[in-house]
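Structure, as structure tokens:
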Amino acid sequence: QILELSCVGGCMFALTTVHLAAKCGDQPATAPVLLQPMGGKQTVARPGALWAVATLDASMLAVGRSLALCADADGDNGPLLPGDTGLRIYVRGWSSVTPAVRAATSQ
């Protein structure tokens, strides 16, 4: 899943990572991924803040859970621990899928 985030300060592209967890500091529910710049787009609400994008693999997450978005400003190998951004991500999935077949217009 792709998350678009407004990065006000402390984000270092190609170093800062984000992941989802029940609680920051616990076992991550998703693998940490690097924040990537999003074309230099600036926010209107917070002048100077840059948009960042992170692509998380949410395919194995349990539906119906609320997870914390955790950020590690200096990445996996730095001395800082992941911190809670204050944002929660609710995992919602498909409840059912009904396959359908439509005849081509020439049939």
Side-chain angles (χ1 to χ4, degrees):
Q1 306 306 355
I2 297 174
L3 297 176
E4 293 180 6
L5 309 165
S6 170
C7 194
V8 178
C11 294
M12 294 176 275
F13 297 124
L15 187 61
T16 299
T17 61
V18 295
H19 66 272
L20 299 178
K23 185 175 126 187
C24 296
D26 289 353
Q27 180 68 31
T30 61
V33 296
L34 288 171
L35 279 183
Q36 301 294 326
M38 196 173 138
K41 177 176 145 185
Q42 293 201 2
T43 66
V44 176
R46 297 180 182 191
L50 294 177
W51 282 99
V53 64
T55 304
L56 298 167
D57 180 5
S59 62
M60 301 304 289
L61 296 178
V63 173
R65 291 184 67 192
S66 180
L67 298 167
L69 179 63
C70 309
D72 190 345
D74 61 358
D76 294 338
N77 298 319
L80 299 176
L81 296 175
D84 195 329
T85 64
L87 300 173
R88 297 288 175 267
I89 306 297
Y90 180 74
V91 181
R92 190 175 120 185
W94 296 94
S95 58
S96 67
V97 175
T98 305
V101 177
R102 294 177 60 175
T105 55
S106 62
Q107 293 181 344

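We number each residue from 1, following the sequence as shown. No experiment lies behind these values; they were computed from the predicted model shown.
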Problem - Gap separating the OG1 atom of T30 from the CG atom of L20, nearest 0.5 angstrom - result: 4.0 Å
Fill in the blank from the handout: Here the pair of heavy atoms bringing Q27 nearest to A21 is O-CB, 3.9 Å
Handout entry: Same apolar cluster: V91 and V18, side chain cutoff 4.5 Å
Key = yes
Practice task
Could you grab the distance from atom OG1 of T16 to atom CG of D74, nearest 0.5 Å is fine?
Solution key: 8.0 Å
Practice task
Taking all heavy atoms of S66 and all of R88, pick out the closest pair and write down the distance.
Solution key: OG-CB, 3.7 Å
Handout entry: Gap between atom CG of D84 and atom SG of C70 - 0.5 Å precision
Key = 5.5 Å
Completion exercise
Between C24 and P82, the two heavy atoms sitting closest are CB-O, 4.3 Å
Exercise for the section: Output the distance between atom CG (L69) and atom OG1 (T85), rounded to the nearest 0.5 Å. Expected result: 4.0 Å
Exercise for the section: May I ask whether L87 and L56 are part of the same hydrophobic cluster, defined by side-chain heavy atoms of I, L, V, M, F, W, Y residues being less than 4.5 angstrom apart, directly or through others? Expected result: yes
Completion exercise
Looking only at heavy atoms, the pair that brings H19 and P32 closest together is CB-CA, 3.9 Å
Completion exercise
When rounded to the nearest 0.5 Å, the distance separating OG1 of T17 from CG of D76 is 4.5 Å
